[in-house]
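Structure, as structure tokens:
Every heavy atom of this structure was used, including side-chain atoms; hydrogens, water molecules and symmetry mates were not. Letters go in sequence order (proteins before strands), and every chain restarts at 1.
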Amino acid sequence: MLSFVAQRVVKGVIVLLAIVVLNFFLIRLAPGDPAVVMAGEAGASDQIFVQQLREKFGLDKPVPEQLFIYVKGIVTLDLGFSFRQQAPVSKLILERLPATLLLTLTAFAISLVLGILFGTFAARFAGTWLDTAITIFALVFYAMPIFWVALMGILLFSVTMDWLPSFGYETVGANFSGLGHVVDVAKHLIMPAMTLGLFFMATYTRMTRASMLEVKRLDFVKTARAKGLSDAVIQRRHVLRNALLPVVTLAGVHSGTLIGGAVITETVFAWPGIGRLMYDALLQRDYNLLLGVFVICSAMVLTFNLITDLVYRLVDPRIEFTS
Amino acid sequence: MPKRVLLGLLLACGLTASALAQEPKTGGVINAVIQPEPPGLMLAMVQNGPVQMVAGNIFEGLLRYSPKLEPQPELAESWSVSEDAKTYTFKLRKGVTWHDGKPFTAADVLFSVEMLKQTHARARNNLAQVDKIEAPDDYTVVFTLKQPFGPFLGIFEVGSMPMVPKHLYEGTDWKTNPYNNAPVGTGPFMFKEWQKGSFIRLVKNPNYYEKGKPYIDEIYWQIIPDAAARSVAYETGKVDVLPGGSVENFDVPRLSKLKDTCVTGAGWEFFSPLAWLWLNNRQGPLADKRVRQAIMYAIDRDFAKDVIWNGLGKVATGPSASSIKYYTADVPKYPYDPAKAKALLKEAGYKGEKIRLLPLAYGETWQRWGEAVKQNLQDVGMNIETIATDVAGGNQKIGDWDYDIAFTYLYQYGDPALGVGRNYVSSAIAKGQVFNNVEGYSNPEIDKLFADGAVATSDSKREEIYEKAQKILVEDVPVAWMLELQFPTIMRCKVKNLITTGIGVNDGFKDAWLDK
């Protein structure tokens, strides 16, 4: 197993560097650079000003040299400096990381738990009204755009009922501490986490249901039934466990996108996370910051893919690691 | 609906007047919206709108400007101009300290001017006529100009020339100076906290030189990126002030009808945002003046004002907004007249060549306006293709002259020499840059008029020059002027005296108070 992990890590580093190089060029394909954006925002621009900004950002250097400087930085774990925000990129990302992780992990937990639960019920009662109700419920949340669900949630729970705050991470200026702070953050978290979670929940529900129905038809389930095992035991130990493999695969893919995947939710709910940081950096052509977020997101995807492979082994002991 | 907004504005003006008569109360917190999140707060280094809106409370300029754009004292308590209009002497206020307790002196002014020449494009242009700047003593600053410069007294507001603490910036690498993110100014409010992505907190400067001011204890600038969410934040009582442009225009009538809500269009006199269509004069059908005039006749600008902007703003008559100096309405008129537009296109020999239109990626209102203009132009037989870009991509295309028609709006900074001429004189044609003469219009007569207007010393002479320039430009239609924009500020009626100058919320909240 150790050699398997080591080999995957080496491959992962090579893939990461390839992603860095590809992203470096992709970003530069978009029209406009940080100097043009900032000159425009200043309400005036002249040749000296734009040139000064380009020199400041190192954009006056040949592109291969810019790439060399960037990759050299990445190798030494230096993600560069955001001249627009006048701060190191790693500091900017770290500032936003806790909020993003809180949101996405909560949403991930909601989606996985509810998804598997609903999927199991739907499969168990396939063809009944309960199955139909769960399927419709899942499809509705899957089909509706996230921003729409978010805005409707705000309209219902903030404007009409006044139960939950409509934006932000905490009540600004309230200076809560201890349990009060936890409750305050939780109140702010409910709507964004549910919005994001219900979308992913729909996928897990559908996948669990389909996978369980497929497994149910297999011979070993008949054998288990013939052995006289109770239905609950068959569902839990034999059907669900085998049906979870595709769900784990999907969860692995989703978890890799946890850091940058909540752009819309973070924007509508003014949640101070990395998705918004990335979106702003894109609009402002803040190259270093955007590349920095991409590097972290890519590293996350690679790490979670590795973890997914390891979890396979736990879920299905028949799978073996080969180098 | 527009009438109701107008009524709201009038009511708000009345309320402002009555607020002036009341005795200000001290204390309280104002929650205001800021969007987008400022990249930094060091006004000398970054000059976009949100930076000035927050940092205008922290930093100060030598002067402020009334709604009629008359200079008023700020860090300079008085000023005088020599007879030849080439020497300007400013007497600085005594007893002013930076937020760290160090005194503000003439040395700071000299340092700020030198720094701004390198970091602030607009300041550098404004200071181009300055031959030398001297400080005979700690509280006197003398600017000597190479030649008279009519609008010189109009370049000292906080956004155009913020004062920078010499003792914190001299000898440092300005771009990485730690005070860029924790700025130290002389203003009524001090920087306290910035939770990136959430809020910026400013607190009262207890040592402010105007005794008793500011009245407010704290300001929270809330960062809410989505326009609909900003409307909801106001609706649910989480913010008290929505500065102009914070919400989509179609939300303004609804929000202005909420209980205890006041609306004002004041505070934009200095900026006077004017929207127009860049028309690429260099190539294709738009090189013909008749086609450009046809565009002016083809577009229903009253519809844009009444429907897309909900009655806010005013149809533009030419290159100057009606609120800035030397404006004249006595120029050729272009009413909505599709028949005349068609006749002009026919006369010019337009044969349906494709014309690319770049809308402005500033949100839903601007997208709708782009669609309306496209439809107007198609109605008179023009073949319009919309090119969708984001702001950065649009700026790049416009700067590279790779467009036919493009939406924009620009500030005028109170004087034609500061904010108008740059878009029409041929010396401002420079590829790769935005917001200069990107349409490529070149007319030696206009060049001379703007050159003469800048150095003329008497108001009557300047008026004569700029009126003539406006008439020529409106006849030539180098760009298609659309609307004088109005960005109403929406606030709780308990917030008093929020806007007292021609720079509005960008000038800081030092006069504001809460009627609790």
*Side chain, backbone, both or neither: which part of B/Lys431 has an atom under 4.5 Å from a heavy atom of chain A?*
backbone

*Atom group of A/Leu277 that falls short of 4.5 Å from chain B, counting heavy atoms*: neither

*Non-hydrogen atoms of chain B under 4.5 Å away: do they reach the side chain of A/Ser166, the backbone, both or neither?*
side chain

*Least distance between heavy atoms, B/Asn181 atom then A/Gln85 atom*: ND2-O, 3.7 Å

_Can you tell me if A/Tyr142 has over 12 outside heavy atoms packed within less than 6.0 Å of its OH?_
no

*B/Tyr179 atom OH: more than 12 heavy-atom contacts under 6.0 Å*: no

*Based on non-hydrogen pairs under 4.5 Å, which of A/Phe147, A/Tyr169, A/Phe167 is most in contact with chain B?*
A/Phe167

*Sort out for me which of A/Gly168, A/Ala270, A/Ala99, A/Ala150 touches chain B most, counting heavy-atom pairs under 4.5 Å.*
A/Ala270

*Answer yes or no: is there a side-chain heavy-atom contact under 4.5 Å between A/Arg276 and B/Pro225?*
yes

*Looking at B/Gln222, B/Glu235, B/Lys238, which makes the most heavy-atom pairs under 4.5 Å with chain A?*
B/Gln222

*Side chain proximity check, A/Val159 to B/Val232, heavy atoms < 4.5 angstrom*: yes

_A/Tyr279 OH: over 12 foreign heavy atoms closer than 6.0 Å_ = no

*With only heavy atoms counted, which part of B/Asp390 is less than 4.5 Å from chain A, the side chain, the backbone, both or neither?*
side chain

*In Å, rounded to the nearest 0.5 Å, how long is the span from OG of B/Ser198 to NE2 of A/His188?*
9.5 Å

*Non-hydrogen atoms of chain A under 4.5 Å away: do they reach the side chain of B/Thr119, the backbone, both or neither?*
backbone

*For A/Leu151 against B/Ala228, the heavy-atom pair lying closest together*: CD2-CB, 3.9 Å

_Gap separating the CD atom of A/Gln284 from the CD atom of B/Glu37, nearest 0.5 angstrom_ = 9.0 Å

*Who wins among B/Pro38, B/Ala229, B/Ala233, B/Gly40 for the most heavy-atom pairs under 4.5 Å with chain A?*
B/Ala233

*Mind ranking A/Ala87, A/Pro165, A/Gly173 by heavy-atom pairs under 4.5 Å with chain B and telling me who comes out on top?*
A/Gly173

*Which answer fits B/Tyr411, side chain, backbone, both or neither, if we ask what part of it has an atom under 4.5 Å from a heavy atom of chain A?*
neither

*Identify the two heavy atoms, one from B/Asp226 and one from A/Val268, that lie closest to each other, and give their separation to 0.1 Å.*
CB-CA, 4.0 Å

_Can you tell me which portion of B/Thr236 sits under 4.5 Å from chain A's heavy atoms? Options are side chain, backbone, both or neither._
side chain

_Atom pair CD (B/Gln195) and CD (A/Glu95), whose distance is rounded to the nearest 0.5 Å_ = 9.5 Å

*Which answer fits B/Val391, side chain, backbone, both or neither, if we ask what part of it has an atom under 4.5 Å from a heavy atom of chain A?*
neither

*asked:* Which atoms of A/Phe81 are under 4.5 Å from chain B, going by heavy atoms: the side chain, the backbone, both sets, or neither?
replied: side chain

